[in-house]
Amino acid sequence: MGGWAIAVHGGAGVDPNLPLHRQEEAKQVLARCLNLGISALRSSLPAVDVVELVVRELESDPVFNSGRGSALTEKGTVEMEASIMDGKGRRCGAVSGVTTVKNPVSLARLVMDKSPHSYLAFSGAEDFARLHGVEVVDNDYFITEDNRGMLKLAKEANTIMFDYRIPTVLLDTCGASVENPLQMNGLPISVYAPETVGCVVVDGQGRCAAATSTGGLMNKMCGRIGDSPLIGAGTYACGLCGVSCTGEGEAIIRGTLARDVAAVMEYKGLGLQAAVDFVVKERLDEGQAGMIAVSQNGEVACGFNTNGMFRGFATEDGFIEVGIW
């Protein structure tokens with residue numbers, strides 16, 4: 001075994017005109033969360049505990065689109081989703097349509113640990129949270145003024161927004177004003193918001209885990225479920241690796257991206273980075289997405305076909321990196 005390793009992401013599909021201060025703010029959050037995970041791994045916390053801990057921290061910061069700061073639905077509300085998977089025994093839990101749970105990833109962990117099921121959604125997930133005393137807040141807690149402004153612009157443009165974090169005063173320089181040939185599920189959209197957070201970890205015992213959390217798309221239809229809570233699509237972990245995806249959810253679902261990384265490692269004998277590269281190149285069709293991954297051997301990898309992806313990596317041998325482009 002090659003020791004522990006950790007990777008985090010804050011979404012793929014970065015607007016090339018994202019202001020520098022926003023870039024620095026995002027990198028600082030990623031670095032803080034990465035260091036939190038590093039400390040936990042040095043304290044011998046199991047991989048599944050580390051991914052939950054790190055994603056909880058990402059959900060609590062409004063910089064990214066998960067938990068507080070989540071993108072808004074067409075009705076101006078927040079519907080969050082998350083999943084977690086422990087590679088040891090391939091245990092998993094997921095939730096969707098969560099509106100009051102402060103940290104959806106921890107609710108997903110409870111579904112895995114305390115329920116006979118793998119996936120709970122909407123009122124069932126909310127009832128389960130209250131049954132287990134999970135911290136809940138009003139839906140307004142998750143909503144920021146930036147997001148209210150971007151939802152208004154999205155409605156005026158009758159579209160889904162590209163980057164909900166760009167201030168409305170900079171709209172004339174951001175992707176929302178650019179002609180874009182992207183499609184979602186075969187339907188044209190002018191601008192798109194592939195924002196999600198995730199963490200993958202292999203601990204010192206070679207155990208892999210992954211967790212992913214998101215608020216979804218700005219101006220999405222109520223009830224829409226993306227790839228993030230879907231095991232094998234947005235999240236996957238097994239004895240070989242742990243994977244968390246971000247990007248165009250519908251394309252990630254069609255390609256079962258996270259599971260395919262493990263599959264080509266197992267069936268084609270590819271190494272971790274080669275497996276990630278193969279899946280990004282061969283399984284996305286015309287979709288846009290990215291992913292982070294770790295292997296049981298202590299390797300880290302990433303791949304994306306977008307302009308950029310917010311990401312950070314660290315390994316036990318001292319390698320550490322935070323980047324966007």
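The analysis underlying the following values was restricted to heavy atoms, covering all of them including side chains, and did not include hydrogens, waters or symmetry mates.
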> Checking side-chain hydrogen bond (donor to acceptor under 3.5 Å, both in side chains) for the pair S244/T212: CA distance, chi angles, key distance, verdict?
Replying inline: CA-CA 6 Å; S244 175; T212 311; 2.7 Å; yes
>> salt bridge (charged side-chain N to carboxylate O under 4.0 Å, His left out) for E74 and R224? Distances and angles first, verdict last.
In response: CA-CA 11 Å; E74 59 189 355; R224 182 260 186 183; over 6 Å; no
>> What verdict does the side chain to side chain contact (heavy atoms under 4.5 Å, CB included) test give for L107 and F128, after you've listed the backbone C-alpha separation in whole Å, the side-chain angles of each residue and the deciding distance to 0.1 Å?
In response: CA-CA 8 Å; L107 182 57; F128 182 74; 3.7 Å; yes
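Side-chain N or O atoms of T256 include none that pairs as donor or acceptor with a backbone N or O of A233 at under 3.5 Å. With D61 contributing its side chain and V29 its backbone, the two residues share no donor-acceptor pair below 3.5 Å. A distance-only check finds a donor-acceptor pair linking the side chain of N305 to the backbone of G287 [under 3.5 Å]. Here the side chain of T214 pairs a donor or acceptor atom with the backbone of G216 at under 3.5 angstrom. In this structure, the side chain of E79 does not engage the main chain of G215 through any donor-acceptor pair within 3.5 Å. For the pair N139 (side chain) and V78 (backbone), a donor-acceptor distance under 3.5 Å is present. The backbone N or O of S70 lies less than 3.5 Å from a partner atom in the side chain of N147, making a donor-acceptor pair. Under a 3.5 Å cut-off, the side chain of N35 and the backbone N or O of A31 do form a donor-acceptor pair. Not one N or O on the side chain of T235 forms a donor-acceptor pair closer than 3.5 Å with the backbone of I231. Although no hydrogens or angles enter the test, the distance criterion places a donor-acceptor pair under 3.5 Å between the side chain of D86 and the main chain of K88.
L257 and V276 end up in the same hydrophobic cluster when Ile, Leu, Val, Met, Phe, Trp and Tyr side chains are linked at under 4.5 Å. No path of Ile, Leu, Val, Met, Phe, Trp and Tyr side chains, each step under 4.5 Å between heavy atoms, connects I252 with V8, placing them in separate hydrophobic clusters.
With a 4.5 Å cut-off on side-chain heavy atoms, M291 and V261 count as touching. Side-chain contact between F313 and I320 is absent, with no heavy-atom pair separated by less than 4.5 Å. At least one side-chain heavy atom of I84 sits less than 4.5 Å from a side-chain heavy atom of V48. A heavy-atom distance below 4.5 Å is found between the side chains of R130 and T100. Contact annotation: the side chain of D203 never approaches that of V50 to less than 4.5 Å [non-hydrogen atoms, C-beta and beyond].
For the pair R68 and E59, the salt-bridge criterion is not met [side-chain N within less than 4.0 Å of a carboxylate O]. Residues E250 and R254 are not paired through a salt bridge, judged by the lack of any N-O separation under 4.0 Å between the basic side chain and the carboxylate. Between D113 and R109, at least one side-chain nitrogen of the basic residue sits less than 4.0 Å from a carboxylate oxygen of the acidic one, meeting the salt-bridge criterion.
Pairing each heavy atom of V105 with each of A211, the nearest pair is CG2-CB, 3.9 Å. What you find for C208 and A237 is that their closest heavy atoms are O-CB, 4.1 Å. Contact record, I292 with A7: CD1-O, 3.4 Å, taken as the closest heavy-atom pair. Nearest heavy atom pair, residue Y119 against residue S96, reads OH-OG, 2.5 Å.
A cation-pi geometry, defined here as NZ or CZ lying under 6.0 Å from the six-membered ring centre and within 45° of its normal, holds between K268 and F278.
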